[in-house]
Amino acid sequence: MSGAAPSLPAFYSDAVNGLAIGEGVGACGTAASTGEMVISADIQNDPCWADFKELTAKAGLASCWSQPIFGSSHEILGTFAIYHGYPHQPNNDHIAMMEQASQLVSLALERKQVEGDLQKLSRAVEQSPTMVLITDERGKIEYVNEEFTDVTGYSLDEVRGKTPAILNAGETAPEFYKEMWDVILEGHDWHGEIRNKTKSGQPYWSMLSISPILDETHTITHFIGVSEDISAQKKTLEQIEQLAFYDPLTLLGNRRLFKEQLDIELKKAKRNSTIFALFYLDLDNFKQINDTLGHDAGDRLLQAIAGRLKGTLRQSDLIARIGGDEFIVLLADVAGAAEVASVANKLLQAISQPVLLGSSEVKATVSLGITMVPTDGDDWAVLMKNADLAMYRAKHKGRNNFQFFTHEMNDEVVNRASMEQELRNALNNKEFCVHYQPQWSILKELQPVCLEALVRWNHPERGQVSPAEFIPVAEDLGLIVELGEWVLNEACSQGRLLIDAGYSIRMAVNLSMRQFFDPELLNKIKKALELHGFPASLLELEITESMIMEEVDVVVDTLHQLKLLGVSLSIDDFGTGYSSLSYLKRLPFDHLKVDGSFVRDIPQDKSDMEITSAVIAMAHKLGLKVIAEGIETHEQMAFLRENGCEMGQGFLLARPAPLDDIMKYLDVEMDSLGD
Ligand SMILES: Nc1nc2c(ncn2[C@@H]2O[C@@H]3COP(=O)(O)O[C@H]4[C@@H](O)[C@H](n5cnc6c(=O)[nH]c(N)nc65)O[C@@H]4COP(=O)(O)O[C@H]3[C@H]2O)c(=O)[nH]1
């Protein structure tokens, strides 16, 4: 309770102030609590004053009549009370007077409350952190708040009587405003984002809500606009979008953006019956460049490639970077395959021009797969798969070329899937066997010095499947580790049988990439040697040149550990990789096998002959003996001998065959073949 009573003693008012209302808390407390008039004609004998007898006696108050004051919604605002210094019972006139007085007080109190509310409201609007603008029904500005002035630079005096059109940045179409007015004039609220400008002409994004204010006859009297400057949020959103849809390194679109754009292009092409082409590009030697020149150089190369793509293609073509060194291009609205092929050629040309990365000049090439839309498909997943398959075909065809997708490529994938399944069962079903091909010393007398173990798959329906076909699949599936171990054991056990029969000959076994990087490799080799009692000195492991280019440190370490076992090592398919001389010098190889592809065209291809003789000379400088693969003719043999190649292998000398068939070469001197 709090009281306002100028004629009551101050100590009395102080004592009463702050008391909780309730029955028994004097006449006023009881009236406020019950909503009924309370007449205490004799305070000293009135139970509701029991706790305040002394206080009232001290104040000289003997009677109190208290009437509740009701607000317009019949809520109790307070009480109106009359005290007397003597016990006093009111008559009807007194009661009527009390009721009238309380009504008058109610009016005064309510008015004060409304004024207070209005004041609070206007202060809230004035100091609101959002912009508030009020116009009359013709759109003439009557009021703007401080925030409006802060953001736009316009004071109320400057804009009063003008329309909000002064804020129009001129970047929004008139139809937009027309639609907005249609909504508001219908008496509805409108929300939206519009581009405004400040007094100094600075454009900004405004998130705006406009509400018409209606009177009791539902006529619009005013409009109120509440808005916020959302330029900063917009900018953040744009940045997020940039990150979500663009590759920060090359500033090209990313996979997500490309997919969206492709969907639009697909619909367009369908509507207009046009065709377009999808290119999938993969850098051929990116890993090598990255590994040798570092990631910064790799990044700059990718930027350079992106620049070349942009420089070669039309502005309307879409380009995206969708992975580390993978780009994708959509060539919109093309006339046909010939045009597409010519663009592909131009791209290969542009990309293969040398790029200067710091002080090194690098030549990058790409393998490019092409799929045509809608001929090859009309859906993102299918098209991507097609282009990817075609790109892989381009890789297999020697890189730096392009290939169109064909449906046969798809069939191959299906075949491969079934081969995967069959391969998984082949070991258990004992469908593999090992053939051996002798390697011969060729310089003086022709003598078999080693037998290379070559695995064969006797497929129950397809007959013998070439290892060139199934080894890569076994490698991908990881099955090669188990298969390779089986071949190793076969070779050691057959080698042991040969020793027992009086022929001590080296057995060469191919190691696949997965086997080479298998942490159990050394243990497995030791175990095989022990199990079959085959001496390490007679086991040769063939490791391809491409394998030693992988994780350099692991390779060097593994090769040295193998060497410690006592086995000999040969570097296979030499000439097909990119190994550097200084690197080779660090590796403990015994033999180097010149790849058959160089031997094949001797003596027709002069450059192959030059390469072969250079490789032989280089190998000798490194202290390695050379084995030439794929010798098929006497001319080849003569050339290799002239160039000092110590050993040879090929159909001219012996084809791979089961060990029983190979035994004859071990019995017979073969001098006659050499001439
Ligand atoms: N045109 C022609 N070819 C000749 C001639 N002399 C030998 N060849 C073939 O050349 C391949 C030599 O083996 P590679 O280069 O290690 O190439 C091998 C090797 O990389 C892989 N491979 C075979 N067996 C195994 C194995 O047990 N483990 C692993 N990891 N790979 C194996 O499969 C590849 C192909 O093996 P094959 O089909 O047996 O093919 C063999 C052999 O039959 C010739 O005068 N002319």
Side-chain angles (χ1 to χ4, degrees), residues 396 423 426-427 431-440 442 448 450-459 463-495 507-518 521 524-525 528 539-548 569-577 591-602 608 612 626-637 639-640 645 647-659 661-662 665 673:
H396 279 285
L423 258 183
L427 250 179
E431 288 167 12
F432 293 110
C433 68
V434 179
H435 283 188
Y436 296 88
Q437 187 180 29
Q439 293 168 1
W440 309 71
I442 59 171
C450 179
L451 297 182
E452 178 175 359
L454 293 162
V455 69
R456 297 290 176 259
W457 181 14
N458 297 309
H459 190 282
Q464 213 168 72
V465 186
S466 160
E469 211 180 314
F470 71 82
I471 292 279
V473 184
E475 176 87 38
D476 286 352
L477 293 179
L479 280 175
I480 192 75
V481 176
E482 207 183 331
L483 177 60
E485 197 181 344
W486 179 81
V487 173
L488 172 72
N489 275 280
E490 276 293 298
C492 290
S493 106
Q494 302 283 4
M507 303 297 272
V509 174
N510 288 284
L511 281 191
S512 77
M513 177 94 84
R514 289 237 191 178
Q515 272 179 287
F516 187 74
F517 290 103
D518 173 10
L521 174 69
K524 285 177 181 171
I525 294 171
L539 180 64
E540 172 141 317
L541 299 173
E542 295 194 0
I543 292 130
T544 61
E545 189 191 8
S546 52
M547 270 154 63
I548 61 167
L569 300 173
S570 78
I571 177 164
D572 202 2
D573 300 340
F574 192 82
T576 54
H591 302 126
L592 179 150
K593 293 185 81 177
V594 181
D595 192 61
S597 59
F598 296 107
V599 177
R600 191 177 50 217
D601 294 327
I602 294 172
D608 276 355
T612 307
V626 183
I627 307 170
E629 291 180 316
I631 305 173
E632 292 186 0
T633 68
H634 291 288
E635 287 89 340
Q636 291 164 352
M637 180 75 115
F639 175 82
L640 292 163
C645 175
M647 284 165 280
Q649 175 181 8
F651 293 170
L652 177 71
L653 302 161
R655 285 181 177 261
L659 191 68
D661 299 342
I662 295 295
Y665 298 111
L673 259 176

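Each residue takes its place number in the sequence, starting with 1. Order of listing sets the numbers, starting from 1, for every ligand and every atom in it. No hydrogens, no waters, no symmetry mates; every other heavy atom, side chains included, goes into these values.
- No part of His435 comes within 4.0 Å of ligand 1, judged by heavy-atom distances.
- Under 4.0 Å from ligand 1, heavy atoms of Ser512 appear from its side chain as well as its backbone.
- In this structure, the separation between CD on Gln636 and CG on Asp608 is 10.5 Å, given to the nearest 0.5 Å.
- Which parts of ligand 1 touch Ile631 is read off a 4.0 Å heavy-atom cut-off, strictly below it: atoms 45 (O).
- Residue contacts with ligand 1: Phe651 is placed with a nitrogen or oxygen under 3.5 Å of a nitrogen or oxygen of the ligand (distance criterion only).
- Atoms CD1 and CD1, from Ile631 and Ile442 in turn, are 5.0 Å apart once rounded to the nearest 0.5 Å.
- Distance screen at 4.0 Å: atom 7 (C) of ligand 1 has a protein heavy-atom neighbour inside the cut-off.
- Val594 pairs in a side chain to side chain contact (heavy atoms under 4.5 Å, CB included) with only one of the listed residues (Thr612, Asp572, Leu640, Asp573), which is Thr612.
- At a threshold of 4.5 Å between non-hydrogen side-chain atoms, the residues Val455 and Ile471 count as touching.
- Residue contacts with ligand 1 for Lys593 are absent, since no atom lies close enough (heavy atoms, distance under 4.0 Å).
- Proximity of atom 17 (O) of ligand 1 to the protein is not indicated, since no non-hydrogen protein atom lies closer than 4.0 angstrom.
- The shortest contact between atom 43 (O) of ligand 1 and any protein heavy atom is with Pro656 CG, 3.3 Å.
- For the pair Gly484 and ligand 1, no heavy-atom separation below 4.0 Å is found.
- Taking every heavy atom of Asp573 and a limit of under 4.0 angstrom, the matching atoms of ligand 1 come to 15 (O).
- In this structure, Glu475 has no heavy atom closer than 4.0 Å to ligand 1.
- Atom-to-atom distance recorded for Ile543:CD1 and Glu540:CD is 9.0 Å, nearest 0.5 angstrom.
- The part of Ile471 lying near ligand 1 is the side chain, judged by heavy-atom distances below 4.0 Å.
- Under the 4.0 angstrom criterion, atom 23 (C) of ligand 1 counts as having a protein heavy-atom contact.
- Among protein heavy atoms, the minimum distance from atom 20 (O) of ligand 1 is reached at Asn510 OD1, 4.5 Å.
- Set against the non-hydrogen atoms of Glu452, the atoms of ligand 1 under 4.0 Å away are 13 (O), 16 (O).
- At a heavy-atom cutoff of 4.0 Å, ligand 1 is contacted by no atom of Arg600, backbone or side chain.
- Using 4.0 Å as the threshold, Glu629 has a heavy atom nearer than that to some atom of ligand 1.
- For atom 13 (O) of ligand 1, the nearest non-hydrogen atom from the set Val434, Thr633, Leu652, Leu454 belongs to Leu454.
- Atoms of ligand 1 lying under 4.0 Å from at least one heavy atom of Gly650, given by number and element, are 6 (N), 45 (O).
- Annotation: side chain of Tyr436 is in contact with side chain of Met507 (closest heavy-atom distance under 4.5 Å).
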Note to self: Between Ile662 and Leu451, does the side-chain contact (heavy atoms from CB on, under 4.5 Å) criterion hold? Intermediate values first, please.
What the structure shows: CA-CA 9 Å; Ile662 295 295; Leu451 297 182; 3.7 Å; yes
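- Within the 4.5 Å cutoff, the side chain of Leu454 has heavy atoms near those of the Gln437 side chain.
- By the 4.5 Å heavy-atom criterion applied to side chains, Val434 and Trp486 are counted as neighbours.
- Regarding atom 37 (P) of ligand 1, its nearest protein heavy-atom neighbour is Pro467 CG, 3.6 Å.
- Once rounded to the nearest 0.5 Å, the distance linking CD of Glu482 with CG of Asp518 reads 11.5 Å.
- When distances from atom 31 (N) of ligand 1 to the protein are checked, a heavy atom turns up under 4.0 Å.
- Using 4.0 Å as the threshold, Gly630 has a heavy atom nearer than that to some atom of ligand 1.
- Between Glu629 atom CD and Arg600 atom CZ the span is 11.5 Å, to the nearest 0.5 Å.
- At least one N/O-N/O distance between Val455 and ligand 1 falls below 3.5 Å.
- At least one protein heavy atom sits closer than 4.0 Å to atom 39 (O) of ligand 1.
- Between Pro467 and Arg456, some side-chain heavy-atom pair lies under the 4.5 Å cut-off.
- The proximity of Asp572 to ligand 1, defined as any non-hydrogen pair under 4.0 Å, is limited to the side chain.
- Checked for salt-bridge contact, Glu452 and Lys593 meet the test: a charged N lies under 4.0 Å from a carboxylate O.
- Between Leu483 and Leu423 there is no side-chain heavy-atom pair separated by less than 4.5 Å.
- Counting only heavy atoms, the protein gets under 4.0 Å from atom 1 (N) of ligand 1.
- By the 4.5 Å heavy-atom criterion applied to side chains, Val481 and Lys524 are counted as neighbours.
- One finds the CD1 atom of Ile571 at 11.5 Å from the CG atom of Asp595 (value rounded to the nearest 0.5 Å).
- Residue Arg456 places a heavy atom less than 4.0 Å from ligand 1.
- Contacts with ligand 1 closer than 4.0 Å are made by side-chain heavy atoms of Val487 only, the backbone lying farther away.
- Within ligand 1, the atoms closer than 4.0 Å to a non-hydrogen atom of Glu632 are 1 (N), 2 (C), 44 (C), 45 (O), 46 (N), numbered from 1 in the order shown.
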Item checked: Pair Phe432-Phe470, ring pair (Phe, Tyr, Trp, His ring centres under 6.0 Å): steps then yes or no -> CA-CA 11 Å; Phe432 293 110; Phe470 71 82; 5.7 Å; yes
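- Of all atoms in ligand 1, listed by their number and element, those nearer than 4.0 Å to a heavy atom of Gln437 are 6 (N), 7 (C), 42 (C).
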